[in-house]
Colleague: 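Before we start, here is the structure in question, set down as C-alpha cells.
It should be emphasised that the depicted structure is a prediction, and the values quoted were computed from it without experimental measurement. Here is the naming used below: chain letters follow the sequence lines, and residue numbers restart at 1 for every chain.
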2 protein chains.
Amino acid sequence: MAEPANRPDLAAMIVPLGRSLMAAEQPILAAHDLTMWGYVVLSHLRGTPTRTQAALADAIGADRTRIIGVLDELQQRGLIRREPDPTDRRVRLLSLTAAGRRLRDTASAAIQRNEERLLAALPPADRRALLRSLRTLAALPRDRIVGTA
Amino acid sequence: MAEPANRPDLAAMIVPLGRSLMAAEQPILAAHDLTMWGYVVLSHLRGTPTRTQAALADAIGADRTRIIGVLDELQQRGLIRREPDPTDRRVRLLSLTAAGRRLRDTASAAIQRNEERLLAALPPADRRALLRSLRTLAALPRDRIVGTA
DNA sequence: TATTGTTATACTCTATAACTATA
DNA sequence: TATAGTTATAGAGTATAACAATA
C-alpha cells in the first residue's frame, strides 16, 4: 500500500496559490480604497442581497463580529444600504447601492485582467476545464469538503 | 466597458477552497501528531533536502523565525536531520530521516484519499486538466503571480 | 562587515465573552 | 427566553527587531 506520491496534495498546490492571488489583489484593491473583506462583502451582495449580517458573515466565511467595522465603512461611503427590517427591527437588510456595484465591478475587472495573465499560461481547453472544475468545487458546501470531523 | 462579470474571480474560488482543504487536513494531521507547518516541512524536505533553514522557509512561504520551533520538534522526534555544515558551521543541513519519510507518506496518503472524494465530483477529463493546470500555476514563481508591486 | 540561526518583542488578525435592543 | 447586532477583551498566528556565532 501507500504507493509513491505521484501528485502533490491538492491543498499544497491550492493554498499557496491562493495566497499569491490574494497578494496580487492587494494593490488593485488599495487603488480602489477597498480592503479585502470590503471587496468580498461587495461581491457577495452583488449576487445576493442578504437579510441578516449573520447570514452574510456565514456565507463569506467570516466571523459575525469581524464584518461590522467593514459594513460601517462601506455604508458610510454609500456603497451599501443597511436598513432595519420593518418586520423585525433587529435585523439589517443589506444590499448594494449603484455606486457600490460600480466600484465592485471596476475592481473586479482589474483583478480579472491580472488573472487572465496567469491563465494565459494554460492551453485553452485546460483553462476552461480549470475554471469549470473550480466552480464545481467552490460550490461544494464546506462540510462536504471538511467531512463531519 | 466592464462587461458583466461572467466568472467569479479566481481568488474568490481558490482561497475559500484552500481554507476548506486545510480544515479537512487538520484532523488527519492531528492523528499523526503533525502540525500543518510540520507536514509542510516534511513534504518539502522529502522532495528536496535543503541546505539552510532560510532557504527552506523561503521555499514554503514561511518566516525564518517561524519554522525554528517546528524544526526543533521534528528533530526531537527523529523525523528530520539537522546537521551543521562542516564547510560553514553557520548553516544547518536539513534532510528527512527514514521515519520522517514514512510518517509523511502515510499522512499524505490519508490526505489524498480524502481529496479523491472531492475529485470524484468531476468528470475524469476535467479532473486531469484541473490537476495539470494547478501544477502549472503552482509552479509559477510567486512574483510572476503577484506582479512587481 | 555580512550572513545563519536564534530569542524576545510587537503587531495583526481572529475568535470569545459580555452587553443592548428587539422579539 | 431567545436572537440580531454590537462592543470589549483575549488569544493565535505572524512579522519585526535585537542578539550570538561564524565567516
Colleague: Would you say A:R104's side chain and A:H44's backbone share a donor-acceptor pair under 3.5 angstrom?
Modeller: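 No, the answer is negative, given that no donor and acceptor are paired below the 3.5 Å cut-off.
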Colleague: Using the rule salt bridge (charged side-chain N to carboxylate O under 4.0 Å, His left out), only one of A:R66, A:R82, A:R77 pairs with A:D72; which is it?
Modeller: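 Output: one option passes, namely A:R82.
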Colleague: Less than 4.0 angstrom between a side-chain N/O of B:R66 and OP1 or OP2 of D:dT14, yes or no?
Modeller: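 Answer is yes, contact under 4.0 Å.
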Colleague: Which whole-number value in Å describes the distance from A:L71 CG to D:dG5 P?
Modeller: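 Distance check: A:L71 CG to D:dG5 P gives 9 Å.
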Colleague: Let me know the distance between CG of A:D58 and P of C:dA15, rounded to the nearest Å.
Modeller: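 Nearest whole value for this atom pair: 12 Å.
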Colleague: Quick one: label A:R92 by what it contacts on the DNA or RNA (base, sugar-phosphate, nothing), any heavy atom closer than 4.0 Å.
Modeller: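 Sugar-phosphate, no base atom in range.
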Colleague: Using a cut-off of 4.0 Å on non-hydrogen atoms, how would the nucleic acid contact of B:D88 be classed: base, sugar-phosphate, or nothing?
Modeller: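 Sugar-phosphate contact only - B:D88 comes under 4.0 Å of backbone atoms but never of a base.
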Colleague: Is it true that a side-chain atom of B:Q26 and a backbone atom of A:V146 form a donor plus acceptor pair closer than 3.5 Å?
Modeller: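 No; judged by distance alone, with no hydrogens or angles, the pair does not exist.
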Colleague: Name the residue closer to the 5' end of DNA chain D, choosing between A:T65 and A:R90 according to the nucleotide with the nearest heavy atom.
Modeller: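 Residue closer to the 5' terminus by nearest nucleotide: A:R90.
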Colleague: Between A:A62 and A:R89, which has a closest nucleotide on DNA chain C that is more 5'?
Modeller: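 With A:A62 and A:R89 compared, the 5'-side residue is A:A62.
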Colleague: Is there a continuous path of hydrophobic side-chain contacts, each under 4.5 Å between heavy atoms, that joins A:L119 to A:I28?
Modeller: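 In one cluster with A:L119: A:I28, no.
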Colleague: Round to a whole Å and report the spacing from CG of B:L56 to C1' of C:dT4.
Modeller: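 Whole-Å distance recorded here is 14 Å.
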Colleague: Please determine, for the side chain of B:V91, which listed nucleotide (D:dG5, C:dG5, D:dA2) has the closest atom?
Modeller: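 Of the options given, the side chain of B:V91 lies nearest C:dG5.
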Colleague: Which sits closer to the 5' end of DNA chain C, B:R64 or A:D85, going by the nucleotide each is nearest to?
Modeller: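 Final value for this comparison: B:R64.
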Colleague: Rounded to the nearest Å, what distance is computed from the CD atom of residue A:E73 to the P atom of nucleotide D:dT6?
Modeller: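 Checked: the CD to P distance equals 15 Å.
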Colleague: Considering only D:dG5, D:dA23, C:dT7, which nucleotide approaches the side chain of B:I68 most closely?
Modeller: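 That would be C:dT7.
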Colleague: Start at the 5' end of DNA chain D and walk down; is the nucleotide closest to B:W37 or to B:P86 reached first?
Modeller: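 Per heavy-atom nearest nucleotide, the more 5' residue is B:W37.
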Colleague: Taking atom P of C:dT3 as reference, at what distance in whole Å does atom CD of B:Q53 sit?
Modeller: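 One finds 17 Å between P of C:dT3 and CD of B:Q53, rounded.
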